Amino acid sequence: MPQIGYAHRQAPMARQGMVASCHPLASLAGVEVLKSGGNVVDAAVATNGVLAVTQPNYCGVGGDLFCLYYEAKSRRVYFLNGAGRSGSRAGLEELGRRGLTAVPPIGPGSVSVPGATRAWSMLLERFGTRPLKSLLEPALRYAADGFPLSLIVCQAIRERSVLFDDPEWRRVFIPGGVYPEPGDVFRQPDLARTLADLGDEPDLFYSGRVGQAIAKRLERDGFLTADDLASHTGEWAEPISTTYRGYTVWETPPPTQGLATLLTLNLLEGVDVTANPIHSVEHLHLLLEMTKIAYADRDRWVADPAASRVPVEALLDKGYAARRRALYDPDKAQRYEAGEADGDTTGFVVADWRGNMLSVIQSIYKGFGAGVVAPGTGVVLQNRGAYFNTIPAHPNCFAPRQRPFHTLIASIVTRDERPVLGLANMGGDGQAMFHTQILTNAFDFGMEIQEAIERPRFFMGRLDPSDAPDLIRLEGRVPAPVREALVARGHNILTVSDWFSQEGQAHAVAVLTDGVLRGGADPRGDGAAVGY
């Protein structure tokens with residue numbers, strides 16, 4: 001991927017190891033594990049632990065995790081599904097009994113089982129070399145001794161606080177009733193204790209002290225029970241993939257929306273994407289329209305594969321893409337019904353000189369998740385249950401002990417059975433369209449990874465319930481004449497800031513032909529790629 005020279009930041013390069021994540025302290029923790037002899041799985045757990053402390057609005061031990069792991073020894077990509085399920089009390093009848101017409105967007109009723117810590121244990125049991133306790137030491141230190149808060153976290157605390165009435169959340173994040181400011185040293189002693197206990201007791205969240213505290217907090221107005229937590233397990237399964245211009249693109253399968261990226265790439269493979277300049281009206285119209293077609297299939301089919309059949313093989317057939325491509329009108333925008341693009345998540349990638357690579361996506365869903373903290377634990381609980389719908393015949397309908405549709409996705413790209421790129425980004429419903437834009441920047445236009453991440457992006461969907469379903473937020477670096485021409489074709493364009501954080505904060509590691517690792521970190525957030 002030759003460098004074109006557009007990048008706002010220079011992409012760091014290294015030969016031994018690289019970590020790209022949304023916080024410098026987390027990337028540093030991962031690199032220190034690699035330097036001390038740990039492998040990429042060890043480094044990923046250390047990285048994620050620090051992110052759970054320093055980016056509590058994006059991710060945490062109260063959320064879910066998915067990852068793809070390329071093991072150089074076997075030349076194989078592994079998929080770990082670390083998602084939790086709805087509670088045994090979930091269901092339409094129970095919603096009706098409580099006088100609700102939908103799953104609550106926040107609060108105890110939106111909480112599903114947190115799967116992240118079980119996923120850490122599963123990763124380490126199968127592929128790790130270090131004990132969980134040692135890998136959590138950096139996170140424990142930042143929780144106990146504190147770390148300087150960034151502007152993004154401070155803003156998130158202020159913005160989400162108007163929605164949350166949970167006294168424990170307010171005690172933790174607005175200590176003494178005073179909003180923290182950027183640069184303040186922020187301490188989380190309850191979370192530090194939880195991390196210390198977790199190092200000694202991997203089942204802490206499921207049958208231990210923390211699990212009991214979560215169940216007690218939710219017993220009155222949640223859907224989870226202590227048994228739901230105790231019975232949780234993650235699953236190893238097969239990733240999904242498609243070929244694209246000589247590459248194999250791997251994505252996380254249902255219940256995640258990784259399928260949408262692969263569907264879009266299949267549609268684009270039958271078109272000369274480079275026939276027009278990047279971010280010309282023709283180029284953007286093509287990407288927007290193909291995204292609409294792929295997302296329509298995503299919304300129809302993606303749900304928990306344990307509860308309903310998802311015809312992945314048929315949907316990824318190239319012949320199916322050719323038939324769907326016929327819907328494309330090069331001159332006119334199609335109708336589009338998008339979901340909510342909002343979602344606070346973290347994605348990171350770890351790679352080493354041996355050719356091993358781990359791409360991870362971890363989240364508590366929207367900013368600070370459910371806005372509920374189990375007393376005495378410091379654990380912010382996710383609101384992933386809010387992504388269930390209440391359509392009885394739909395595969396993602398709210399039901400007991402079922403995984404919801406997940407916006408979370410992670411990607412690894414291989415060529416000749418060796419990794420060339422790992423990619424993950426936040427962005428809720430927009431993650432699949434962000435993957436597509438970054439991957440086509442890299443593989444169609446030949447951009448190095450930092451430039452591919454930095455180029456202007458779009459997303460379609462709602463950030464606010466009052467938004468039109470077909471609203472397209474387009475970064476202001478796209479020239480005004482192009483934006484106007486898109487409107488003339490029928491697109492509902494809203495110009496946003498040049499570096500709009502909700503366009504997804506992407507992080508990636510590319511492997512160059514000589515084995516050099518090049519990291520990419522998104523200037524839309526606090527991220528950093530660090531290597532050695």
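Values below: all heavy atoms of this structure, side chains included; hydrogens, waters and symmetry mates excluded. From a predicted model like this one, the values you see are computed outputs, not experimental measurements.
For the pair Arg245 and Phe443, the cation-pi criterion (under 6.0 Å, within 45° of the ring axis) is not fulfilled.
Remark: Phe500 pairs with no residue by the ring pair (Phe, Tyr, Trp, His ring centres under 6.0 Å) rule, at least two apart or across chains.
Here the options are Asn81, Val310, Asp304, the test is side-chain contact (heavy atoms from CB on, under 4.5 Å), and the partner is Pro254; only Val310 passes.
The aromatic ring centres of Phe445 and His283 sit less than 6.0 Å apart. Less than 6.0 angstrom separates the ring centroid of Tyr206 from the ring centroid of His232. A ring-centre distance under 6.0 Å is not found for His406 and Tyr387. Phe127 and Trp236 have their aromatic ring centers within a separation under 6.0 angstrom.
Judged by distance alone, the side chain of Asn425 and the main-chain N or O of Gly504 form no donor-acceptor pair under 3.5 Å. Remark: the backbone N or O of Ser21 is paired with a side-chain donor or acceptor of Ser27 at under 3.5 angstrom. Judged by distance alone, with hydrogens and angles left aside, the side-chain atoms of Asn57 form no donor-acceptor pair with the main-chain N or O of Ile157 at under 3.5 Å.
With 3.5 Å as the limit, one finds no donor-acceptor pair spanning the side chains of Ser134 and Glu137. Neither side chain, Thr345 nor Gln362, offers a donor N or O lying under 3.5 Å from an acceptor on the other. Side-chain N/O atoms of Asp190 and Thr377 include no donor and acceptor closer than 3.5 Å.
Note on ring orientation: taking the six-membered ring where Trp is involved, the planes of Phe66 and Phe79 are parallel (angle under 30°, cut-offs 30° and 60°).
Closest approach of Gly519 and Ala11 over heavy atoms only: O-CB, 3.4 Å.
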